[in-house]
Number of protein chains: 2
Amino acid sequence: MDSYTRPWPLSRAADTLAKSVAKKRVTLAQVARAAGVSQTAASYALAGRAAEMRISPEVEARVRLAAREAGYRPNAVSRSLRTGTSQTVGFISDTVATTAFAGHLIWGALDQARERDHLLLIAETEGDPQLERELMTAMLDRGVDGLIVASMYTREIAVPPVLMEAPAVLLNAFPVGNEPIRSVVPDESEAGRSVARTLLASGHAGGICLVGASPEGHAPEGSLAAVQRLDGILSVLHDSGVEVAGSVGCADWQPAQGLEATRRLLAEVTPSALVCFNDRLAFGAYQALADAGLDVPEDVSVISFDDDPLASWIRPRLTTVALPHYELGAAAVQVLLDQLEGRLQEPDGTLVRRITMPLRVRESVRGLGSDGVAGASVGTAVELAAATRMHRPG
Amino acid sequence: MDSYTRPWPLSRAADTLAKSVAKKRVTLAQVARAAGVSQTAASYALAGRAAEMRISPEVEARVRLAAREAGYRPNAVSRSLRTGTSQTVGFISDTVATTAFAGHLIWGALDQARERDHLLLIAETEGDPQLERELMTAMLDRGVDGLIVASMYTREIAVPPVLMEAPAVLLNAFPVGNEPIRSVVPDESEAGRSVARTLLASGHAGGICLVGASPEGHAPEGSLAAVQRLDGILSVLHDSGVEVAGSVGCADWQPAQGLEATRRLLAEVTPSALVCFNDRLAFGAYQALADAGLDVPEDVSVISFDDDPLASWIRPRLTTVALPHYELGAAAVQVLLDQLEGRLQEPDGTLVRRITMPLRVRESVRGLGSDGVAGASVGTAVELAAATRMHRPG
DNA sequence: TTGTAGGCGTTATCAA
DNA sequence: TTGATAACGCCTACAA
């Protein structure tokens with residue numbers, strides 16, 4: 001396919017509505033004329049660089065007044081052509097639409113961009129590499145200052161060459177090669193350590209079992225989260241001389257697998273605590289435990305990862321380490337813009353920014369203080385409706 | 001505040017990363033030179049207007065080849081400055097982040113925009129009118145071809161004057177005055193008629209009660225959906241000579257109000273069918289009915305609006321008229337671009353495009369065929385986890 | 001049939 | 001201190 005697309009016509013038929021909104025924009029030249037100065041003087045005055053050109057305060061004031069009165073707004077397209085920068089960032093994700101709460105990635109990015117006077121050009125690739133390239137070039141051609149490439153779950157992605165045309169940041173992803181490109185990811189191994197520490201602190205010395213990944217390496221294909229979470233968990237347990245009492249890996253991390261895996265586990269050992277590798281597995285585990293007549297957390301503690309919206313609805317409410325989607329989105333924009341402004345020189349040359357995954361203490365771990373209530377095995381629909389409303393973090 | 005923001009500097013300090021990605025872009029002039037023709041010839045050739053300029057096929061081929069070999073991609077910023085059009089649309093919403101499933105509005109818009117070779121600039125106002133104006137001007141200054149202003153729930157919005165600078169479409173909203181601006185909204189009154197027809201068709205001649213809005217006008221402040229849904233319901237019932245057996249309005253449409261309103265209703269009448277004005281009310285109504293020992297749908301049918309993700313999870317699954325978020329978003333882009341291209345001349349001058357709300361037949365209405373299963377009063381967590389994954393239509 | 005030149009609105013250089 | 005003038009990359013009216 002030809003990358004040169006047919007240009008759109010200058011004048012297009014306009015319907016009545018289009019005509020009714022036609023309105024001329026004020027240009028810098030007009031402001032200058034109105035103020036009785038040269039365009040240069042006007043430009044410098046409005047840019048706050050009057051001193052630089054030794055423009056008299058009186059003239060500067062006159063220009064400012066003229067600009068305000070005329071309702072002058074600089075043409076960003078023109079400025080972009082001239083300066084090569086557009087105060088616009090491209091945000092390309094694979095499939096944020098799939099999971100409800102992951103939309104927070106975008107809201108975090110949106111807020112942070114606005115805070116720094118940038119706008120976001122957003123698109124979705126739906127996992128299609130061809131479409132991904134097209135969208136990247138479409139954005140690059142429109143002069144975005146940088147690109148954020150987001151993945152729904154942490155993984156390695158092949159960085160298309162076109163991405164190296166502009167500064168870019170990978171969100172929730174690492175480059176598959178060793179391209180010099182920054183990544184913003186959740187700190188999964190710290191989360192793993194946090195989980196292990198939490199369990200130890202609440203008195204679980206033995207009987208800790210793993211659901212979702214096992215030290216033998218069974219886990220979803222290409223899931224970086226799996227290995228890092230596991231790594232964090234094992235390192236803390238090892239340091240405390242605690243052995244894992246049992247584990248079963250899952251190829252997919254859905255409730256059905258959690259149910260199945262926990263059943264298998266219970267057939268072999270009697271765990272004191274279950275570490276589920278994500279909340280959806282935990283939902284299944286809850287059911288398996290209930291089926292076995294085991295109480296959470298009295299008989300078995302459950303701790304998990306992600307903080308799915310349902311984690312605070314299910315009873316007992318699930319103690320879990322949250323995926324900070326909002327913060328991740330915000331950090332990606334922040335890293336990109338900092339890099340753009342040249343103030344990002346890690347002396348050690350590290351390209352990865354890890355965002356802390358906060359522990360949400362609820363009632364599924366025995367002996368852990370919590371503000372909530374324990375009790376019924378399932379929340380009511382009314383409570384659920386409340387839980388599934390999405391709220392933006394502070 | 002001064003609307004003229006300090007221009008960003010031409011050259012900015014670049015860190016090692018920024019430097020490593022520096023790469024010159026190919027210009028049309030370079031392509032022309034490489035092909036040994038004038039820039040004009042190159043431009044016309046690549047635009048597919050060779051015939052117009054009577055450029056020889058041989059030259060045209062040479063230009064195309066040169067462009068391809070050089071990897072030429074036209075600079076959209078420059079083109080935008082020249083032509084005044086940018087193949088970019090602005091999408092401004094108040095708070096799409098709040099409700100999970102409403103993100104579909106954006107995905108619909110995204111898909112439709114891509115289909116027509118446009119990119120979307122997205123922003124959120126969080127209900128702040130000042131921020132709204134700023135975002136609109138920021139987008140307008142960047143030369144968007146048009147603007148879509150979306151509301152999370154259908155309502156009237158004050159159209160700021162700046163919005164009239166470019167073609168715009170209101171999504172889920174009407175202009176509060178009579179500005180000549182198009183709207184894309186769900187067809188609420190048809191949905192109301194659909195609900196009433198459904199009830200009549202399933203044999204509910206009498207005992208139909210309303211929860212959420214009453215003919216006396218009790219409903220959430222400024223809710224257009226309330227009056228239009230009510231209007232549709234009443235018109236069909238009236239045509240069939242059926243009277244509403246009871247109704248209770250609610251100031252807010254949350255489960256708690258649904259519970260409370262249904263309780264009050266049950267104290268006075270014994271309904272045969274409940275029309276809840278949205279699903280969240282219905283969740284509360286379910287509970288009130290259960291508390292009163294009434295079975296759904298055997299004793300009382302329940303029908304509702306919105307198709308909240310939970311509607312298909314709660315038992316019996318709720319029959320409801322869906323808000324077609326994806327289609328609404330797609331239609332908004334479609335209407336805007338059609339208008340831009342001048343092919344949108346309704347002879348009757350109507351400015352409102354109503355999108356059909358499809359009925360989702362499930363098990364909460366007695367005597368209506370359905371593919372699902374009736375039974376338990378609540379789904380399992382495993383089923384719920386599945387229900388709350390968002391899937392894109394079509 | 002092809003090339004020249006002007007302009008979109010801005011910023012920046014340089015001479016006055 | 002200020003005012004021409006060039007340049008960003010593209011499109012197009014007009015001249016050759």
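Per chain, numbering begins at 1; letters A, B, ... match sequence-line order. Every value quoted in this text rests on a predicted model; they were computed, and no experiment measured them.
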Listed partners of A:Glu179 passing side chain to side chain donor-acceptor pair (under 3.5 Å), at least two apart |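 For A:Glu179 there are no side chain to side chain donor-acceptor pair (under 3.5 Å) partners, ignoring immediate neighbours.
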Who pairs with B:Arg353 by side chain to side chain donor-acceptor pair (under 3.5 Å), at least two apart in sequence or on another chain?
->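 Residues passing side chain to side chain donor-acceptor pair (under 3.5 Å) with B:Arg353: none at all.
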Any N/O pairs under 3.5 Å between the protein and nucleotides 4-8 of chain D? List them or say none.
residue, atom, partner, partner atom, Å
D:dA4, N6, A:Thr40, OG1, 2.5

Which is true for A:Val77 with a 4.0 Å heavy-atom rule: it touches a base, it touches only sugar-phosphate, or it touches nothing?
->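 Here A:Val77 touches no strand at all.
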Taking [atom1] from [X] and [atom2] from [N], how many angstroms apart are they, rounded to a whole number?
X	N	atom1	atom2	answer
A:Arg33	C:dG9	CZ	C1'	13 Å
B:Arg25	D:dG9	CZ	C1'	10 Å
B:Arg49	C:dT2	CZ	C1'	15 Å

Check salt bridge (charged side-chain N to carboxylate O under 4.0 Å, His left out) between A:Arg116 and all other residues, then give those that pass, not counting sequence neighbours.
->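 So A:Arg116 forms a salt bridge (charged side-chain N to carboxylate O under 4.0 Å, His left out) with A:Asp338, A:Glu341.
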A:Tyr44, nearest nucleotide to its side chain (from C:dT10, C:dG3, C:dA12) = C:dA12
Please work out which residues in residues 52-59 of chain B have a non-hydrogen atom less than 4.0 Å from an atom of DNA chain D and list them by number.
-> B:Met53
Partner residues of [X] under the side-chain contact (heavy atoms from CB on, under 4.5 Å) criterion, sequence neighbours left out:
X	result
B:Leu65	B:Glu69
B:Ala138	A:Leu119, B:Arg142
A:Thr27	A:Ala29, A:Gln30

Apply the salt bridge (Lys or Arg N to Asp or Glu O under 4.0 Å) test between B:Arg114 and each candidate in A:Glu124, A:Glu132, A:Glu126; give the one that qualifies.
->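 Checked A:Glu124, A:Glu132, A:Glu126 against B:Arg114; only one passes salt bridge (Lys or Arg N to Asp or Glu O under 4.0 Å): A:Glu126.
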Would you list the atom pairs, donor with acceptor, under 3.5 Å between side chains in residues 33-41 of chain B and any protein atom, with sequence neighbours excluded?
residue, atom, partner, partner atom, Å
B:Ser38, OG, B:Thr40, N, 3.4
B:Ser38, OG, B:Ala41, N, 3.0

Do any side-chain nitrogens or oxygens of A:Tyr72 fall under 4.0 Å of OP1 or OP2 in C:dT10?
->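 Yes.
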